[in-house]
Participant: 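Following this message is one structure expressed as structure tokens.
Here, residue 1 is the first one in the sequence, and each next residue gets the next number.
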Amino acid sequence: MATLNIGAKSSDPRERDLSNFAPFGFWIVTKWFASREGFIIGLMLEDREQQMEAFGSTGFEAKKFAKFAKREFIWWAGQKFKFRGPEHIALIERGIRACFEQNPELMKLLLATEGLELIHDLGHPEKPNTSLPAKEFCAILTAIREENLKK
């Protein structure tokens, strides 16, 4: 099966736009997030000011906030949850889904990958404490794609 390797540094614009670094914003309830990466990183920040800055950032700017994350807990709606616990994973998926649902051009791009296996191989081993392992990221995107192809 042919693959599509999603990554922000790719020369293929499809792979860049499907990456969490791409500047596709979205809302969850009354909060705006400038990118999926900013959302994912921001969840890991206890400091409210840093969290809001991360939520409003995209791409490599968002990634810079990861250095402030202790990766023990995440913070959402005034509550603290275990890092990589079920609430954390569910929030990440909620954010990714919201981004695709609110950006029709991004959803169209994802649907156009029908028949391709989505992978996220950056050419080096991923860190053991990553908030969203590549397999989970690709599984979420594949699930969104398959659910929407059935509609």
Participant: Are any non-hydrogen side-chain atoms of I28 and W76 less than 4.5 angstrom apart?
Facilitator: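 A side-chain contact exists here, since the closest heavy-atom pair is under 4.5 Å.
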Participant: Tell me which pairs pass side-chain hydrogen bond (donor to acceptor under 3.5 Å, both in side chains) where either residue lies in residues 55-75, with sequence neighbours left out.
Facilitator: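 Listed once each, the pairs would be none.
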Participant: Give the minimum heavy-atom separation between A22 and S35, together with the two atoms involved.
Facilitator: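 Taking A22 first and S35 second, the nearest heavy atoms are O-CB, 3.5 Å.
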Participant: Enumerate the side-chain hydrogen bond (donor to acceptor under 3.5 Å, both in side chains) contacts for residues 122-139, please, sequence neighbours excluded, ordered by first and then second residue.
Facilitator: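 Non-adjacent pairs meeting side-chain hydrogen bond (donor to acceptor under 3.5 Å, both in side chains): R84-E136.
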Participant: When rounded to the nearest 0.5 angstrom, what distance separates CZ in F83 from CD1 in I74?
Facilitator: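 Answer rounded to 0.5 Å: 9.0 Å.
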Participant: Taking ring-ring contact (aromatic ring centres under 6.0 Å, His included) as the test, write out the residues that go with F24, two or more places apart.
Facilitator: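 Applying ring-ring contact (aromatic ring centres under 6.0 Å, His included) to F24 gives none.
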Participant: Work out which heavy atom in A54 is nearest to a heavy atom in G42; give both atom names and the distance.
Facilitator: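 Nearest pair, atom of A54 first, then G42: CB-CA, 3.7 Å.
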Participant: Would you list the pairs meeting side-chain hydrogen bond (donor to acceptor under 3.5 Å, both in side chains) in which at least one residue belongs to residues 1-15, sequence neighbours left out?
Facilitator: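 As it turns out, the side-chain hydrogen bond (donor to acceptor under 3.5 Å, both in side chains) pairs with a partner in residues 1-15, which skip direct neighbours, are S10-E15, D12-R14.
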Participant: Consider only side-chain heavy atoms of I, L, V, M, F, W and Y, link residues closer than 4.5 Å, and tell whether V29 and W32 are in one cluster.
Facilitator: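 Looking at the clustering, W32 is in a separate group from V29.
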Participant: Hydrophobic clusters here meaning ILVMFWY residues chained together by side-chain heavy-atom distances under 4.5 Å, can you tell me if L91 and I89 are in one?
Facilitator: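 Cluster IDs for L91 and I89 differ.
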Participant: What heavy-atom pair brings F137 and L18 nearest, and what distance separates the two atoms?
Facilitator: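 Reported closest heavy-atom pair: CZ-O, 3.7 Å.
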Participant: Tell me whether R36 contacts the main-chain N or O of G95 through its side chain, where contact means a donor paired with an acceptor under 3.5 Å.
Facilitator: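 Answer holds: no.
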Participant: Flag yes if F73 and M52 sit in one hydrophobic cluster, no otherwise; membership is Ile, Leu, Val, Met, Phe, Trp, Tyr, and two members link when side-chain heavy atoms are under 4.5 Å apart.
Facilitator: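 Different clusters: F73 never reaches M52 through Ile, Leu, Val, Met, Phe, Trp or Tyr contacts under 4.5 Å.
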Participant: Report the distance from atom CG of L118 to atom OG1 of T142, rounding to the nearest 0.5 Å.
Facilitator: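 One gets 4.0 Å once the value is rounded to the nearest 0.5 Å.
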Participant: Quick one: pull up CD in E93 and CG in L141 and give me the separation to the nearest 0.5 Å.
Facilitator: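 With rounding to 0.5 Å, CD (E93) is 10.0 Å from CG (L141).
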Participant: In residues 43-50, what donor-acceptor pairs under 3.5 Å come from side-chain atoms, sequence neighbours left out?
Facilitator:
unit_1	atom_1	unit_2	atom_2	d
D47	OD1	E49	N	3.1
D47	OD1	Q50	N	2.8
R48	NH1	Q51	OE1	3.0

Participant: Ignoring hydrogens and geometry, is there a side-chain-to-backbone donor-acceptor pair from H120 to I6 under 3.5 Å?
Facilitator: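 Between the backbone of I6 and the side chain of H120 there is a qualifying donor-acceptor contact (under 3.5 Å).
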Participant: Just verifying a value: how many Å separate I140 CD1 and N20 CG, rounded to the nearest 0.5 Å?
Facilitator: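 Reported to 0.5 Å precision, the distance equals 8.5 Å.
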Participant: What side-chain donor-acceptor pairs closer than 3.5 Å can you find for residues 99-108, not counting sequence neighbours?
Facilitator:
unit_1	atom_1	unit_2	atom_2	d
Q102	OE1	W27	N	2.7
Q102	NE2	W27	O	2.8
N103	ND2	G25	O	2.8
N103	ND2	C99	O	2.8

Participant: For F68, check ring-ring contact (aromatic ring centres under 6.0 Å, His included) against everything at least two apart and list the hits.
Facilitator: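 Partners of F68 under the ring-ring contact (aromatic ring centres under 6.0 Å, His included) test: none.
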Participant: Which hydrophobic side chains are connected to I119, either touching it within the sub-4.5 Å cutoff or through other members that do?
Facilitator: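 Noted: I119 shares its cluster with no other residue.
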Participant: My understanding is that only residues two or more places apart in sequence, or in another chain, count here; which of them pass ring-ring contact (aromatic ring centres under 6.0 Å, His included) with F81?
Facilitator: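 Testing F81 for ring-ring contact (aromatic ring centres under 6.0 Å, His included), a comparison that skips the adjacent residues, returns none.
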Participant: I need the full list of ring pair (Phe, Tyr, Trp, His ring centres under 6.0 Å) pairs touching residues 43-64, with sequence neighbours left out, sorted by first then second residue.
Facilitator: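 Listed by first then second residue: F21-F60, F33-F55.
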Participant: For residues 143-151, please give each side-chain donor-acceptor pair under 3.5 Å, one per line with the distance, not counting sequence neighbours.
Facilitator:
unit_1	atom_1	unit_2	atom_2	d
R145	NH1	T113	O	3.0
R145	NH1	T113	OG1	3.0
R145	NH1	L116	O	2.9
R145	NH2	L116	O	3.3
E147	OE1	R97	NH1	2.7
E147	OE1	R97	NH2	3.2
E147	OE2	R97	NH2	3.0
N148	OD1	K151	NZ	3.4
N148	ND2	I144	O	2.8

